[in-house]
Amino acid sequence: MSTLKREVSSGGQGLQVVVICKNLASGGIAGMVSKTVVAPLDRVKILLQAHNHHHTNHGVLSGLKHIVSREGFFALYKGNNAQMVRIFPYAACQFTSFEIFKKYLDGIFGEKSHIDKFIAGAGAGLTAVFLTYPLDTIRARLAFQVTGEHVYTGIVHTATTIFKDEGGFRALYRGFTPTIMGMVPYAGLSFYCFEYLKYGCLKYLPAWTSRPRSKNTGGVVLTVPAKLLCGGLAGAIAQSFSYPLDVTRRRMQLAMMKPETQHFGHGMIKTLKHIYSDHGIIKGLYRGMSINYMRATPMVATSFSTYELCKQFMGLDTGAPI
């Protein structure tokens, strides 16, 4: 009997490991697809946020045109290799952590409450960003460079230069405080809104937004257009609340690249004050917000949709425990 129990226990643990690995793969793939889709807009956003002198008077379209005319088409994807190195573990950790947190928080705040989804999403975002933040700093440095004015030659060179010249491992985490403060509303609202919208579509609009497939959602899943719509709305709502802290993070990450911007690298509160005093709210704390809506909405929509599709493809929509 004890041997049988050990075999059953071993089999259950093996199943759980397989499920977690599938979740990690689904999340990683979702992150890579979504970030590649919006990579050109991501680069323009960084250049606008940090007031690159080549893009002082540019908007979204003029910024894209200027990059292509000055640096070539593939310059739109500058820094995307570093982004892929970062985004696979980031998204894998985020989505898998969300599933784990959601499982253990389920029902704590009542059956009809969705606050557990917000807390699970915030916890997942914090977990992922803590593990992968240095790669985000490296990617931002590479994306900020303009052809002919390169400081860094690649991912490894960027990491070693920052480490040696700017204060060691701590320099790779510059801007981490506004990031985690912004991550709570951003990740929390993203997951909360997507789960809430998904629940609403399946409950109130099943004829228009769902199709037969899954066992753990009453025999139906959202259609791809419905997934994209729910994800896009979730991303737009989340970005509206967290954007000023995203601008602060970028200014801190890029502060040491030029002498005239180094005053942005000395703490979150001081950086926020400098941004506000130098540029105000619209052109400072919310600079690049229009492009952020253009990139965040399809990015989150693609991310959630790809993750849900990968879960279905890998058989994770059957209620298997994690």
Compile the donor-acceptor pairs under 3.5 Å between side chains in residues 298-305 and protein atoms, sequence neighbours left out, one pair per line.
from   : atom 1 : to     : atom 2 : distance (Å)
Thr302 : OG1    : Pro298 : O      : 2.7
Ser305 : OG     : Leu228 : N      : 3.3
Ser305 : OG     : Ala301 : O      : 2.7

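- To the nearest 0.5 Å, the span separating CG on Leu24 from OG1 on Thr96 amounts to 3.5 Å.
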Kindly indicate, with the supporting measurements, whether the criterion side-chain contact (heavy atoms from CB on, under 4.5 Å) is fulfilled by Leu222 and Glu308. CA-CA 9 Å; Leu222 287 180; Glu308 293 276 315; over 6 Å; no
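- Around CG of Leu205, the count of heavy atoms belonging to other residues, nucleotides or ligands within 6.0 Å exceeds 12.
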For the pair Arg174 and Met256, evaluate side-chain contact (heavy atoms from CB on, under 4.5 Å) and give the outcome as yes or no after the intermediate values. CA-CA 10 Å; Arg174 184 173 287 116; Met256 298 303 168; 3.6 Å; yes
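- Identified under the salt bridge (charged side-chain N to carboxylate O under 4.0 Å, His left out) test for residues 295-305, with sequence neighbours left out: Asp42-Arg295.
- With hydrogens and angles ignored, the 3.5 Å screen pairs no side-chain donor or acceptor of Arg43 with any backbone N or O of Lys78.
- Contact detail for Leu316 and Ser26: the closest heavy-atom pair is CD1-OG, 4.2 Å.
- The minimum heavy-atom distance linking Asp116 with Asp106 is given by the pair OD2-CA, 3.7 Å.
- Residues satisfying the ring-ring contact (aromatic ring centres under 6.0 Å, His included) criterion with Phe88, sequence neighbours excluded, are absent altogether.
- Checked against side chain to side chain donor-acceptor pair (under 3.5 Å), Arg249 has the following partners two or more places apart in sequence or in another chain: Asp136, Asp246.
- In plain terms, the two heavy atoms of Ala75 and Ile67 that are nearest each other are CB-CG2, 3.8 Å.
- Looking at heavy atoms from C-beta onward, Pro40 lies out of side-chain contact with Val44 at the 4.5 angstrom threshold.
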Step-by-step side-chain contact (heavy atoms from CB on, under 4.5 Å) determination, Arg211 to Val221: CA-CA 6 Å; Arg211 61 179 177 80; Val221 291; 4.0 Å; yes
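- Scored by the side chain to side chain contact (heavy atoms under 4.5 Å, CB included) test, Met84 finds Met32, Lys35, Thr36, Asn80, Ile87 as partners (sequence neighbours excluded).
- Among residue pairs with one or both ends in residues 229-244, those qualifying as side chain to side chain donor-acceptor pair (under 3.5 Å) are Gln49-Tyr243, Gln239-Asn292, Ser240-Tyr293; sequence neighbours excluded.
- Leu131 is not listed as a side-chain neighbour of Pro89, based on a closest heavy-atom distance of 4.5 Å or more.
- No chain of hydrophobic side-chain contacts below 4.5 Å, direct or via other Ile, Leu, Val, Met, Phe, Trp or Tyr residues, connects Phe194 to Tyr204.
- Here salt bridge (charged side-chain N to carboxylate O under 4.0 Å, His left out) pairs that include residues 273-285, with residues two or more places apart or in two chains, number zero.
- A single hydrophobic cluster is seen to contain both Ile119 and Phe241, as judged by linkage of ILVMFWY side chains at heavy-atom distances under 4.5 Å, directly or through other members.
- The NE2 atom of His274 sits 11.0 Å away from atom NE2 of His279, with the distance rounded to the nearest 0.5 Å.
- For the side chain to side chain contact (heavy atoms under 4.5 Å, CB included) test, residues two or more places apart in sequence or in another chain that qualify with Phe73 are Leu76, Tyr77.
- Side-chain atoms of Val129 and Phe176, non-hydrogen and from C-beta on, do get closer than 4.5 Å to each other.
- Between Ser190 and Ala234 the shortest heavy-atom distance is O-CB, 3.5 Å.
- No donor-acceptor pair under 3.5 Å is formed between the side chain of Lys102 and the backbone N or O of Ala120.
- Going from atom CD of Gln83 over to atom CD1 of Ile155 covers 10.5 Å, rounded to the nearest 0.5 Å.
- Taking hydrophobic clusters as Ile, Leu, Val, Met, Phe, Trp and Tyr residues chained together by side-chain heavy-atom distances below 4.5 Å, Phe169 does not share a cluster with Val156.
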Please assess Lys311 against Glu99 for the test side-chain contact (heavy atoms from CB on, under 4.5 Å), listing each intermediate value before the final yes or no. CA-CA 12 Å; Lys311 283 176 66 179; Glu99 298 289 352; 3.0 Å; yes
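- Using the six-membered ring where Trp is involved, Phe191 and Phe98 have ring planes that are parallel, under 30° apart on the 30 and 60° scheme.
- Counting non-hydrogen atoms of neighbouring residues, nucleotides and ligands closer than 6.0 angstrom, the CE atom of Met181 reaches no more than 12 such neighbours.
- Two different hydrophobic clusters hold Leu309 and Val37 under the rule that ILVMFWY side chains link at heavy-atom gaps under 4.5 Å.
- Between Ile281 atom CD1 and Met289 atom CE the span is 13.5 Å, to the nearest 0.5 Å.
- A donor-acceptor pair under 3.5 Å is absent between the side-chain atoms of Ser97 and the main chain of Gln94, judged by distance alone.
- The side chain to side chain donor-acceptor pair (under 3.5 Å) check on Lys117 picks up nothing, with sequence neighbours excluded.
- The backbone N or O of Met294 sits nowhere less than 3.5 Å from a side-chain atom of Thr297 that would complete a donor-acceptor pair.
- Under a 3.5 Å cut-off, the side chain of Thr132 and the backbone N or O of Tyr90 do not form any donor-acceptor pair.
- Connection of Val151 to Leu47 is established within a shared hydrophobic cluster, with ILVMFWY side chains joined at heavy-atom distances below 4.5 Å, either directly or through further cluster members.
- Of all non-hydrogen atoms in Val184 and Phe118, the two that sit nearest each other are O-CZ, 3.8 Å.
- Note that OH of Tyr196 is 11.0 Å distant from CD1 of Ile237, once rounded to the nearest 0.5 Å.
- In this structure, Leu64 and Val68 have side chains that are not in contact, with every pair of non-hydrogen atoms separated by 4.5 Å or more.
- Every residue was checked against the ring-ring contact (aromatic ring centres under 6.0 Å, His included) condition with His157, not counting sequence neighbours, and none meets it.
- By the 30° and 60° cut-offs, the orientation of the rings of Tyr173 relative to Tyr133 is parallel.
- The side chain to side chain donor-acceptor pair (under 3.5 Å) check on Arg141 picks up Tyr152, Glu166, with sequence neighbours excluded.
- Taking 4.5 Å as the limit, every side-chain heavy atom of Val247 sits out of range of all side-chain heavy atoms of Tyr286.
- Once rounded to the nearest 0.5 Å, the distance linking CG of Leu272 with OG1 of Thr248 reads 3.5 Å.
- Grouping Ile, Leu, Val, Met, Phe, Trp and Tyr by side-chain contacts under 4.5 Å, direct or through others, puts Leu197 with Leu229, Leu233.
- Of the possible polar contacts, one joining the Asn23 side chain to the Val19 backbone as a donor-acceptor pair under 3.5 Å is found.
- No side-chain donor-acceptor contact under 3.5 Å links Thr137 to the backbone of Gln253.
- Of all heavy-atom pairs between Cys201 and Cys230, the closest is SG-SG, 3.8 Å.
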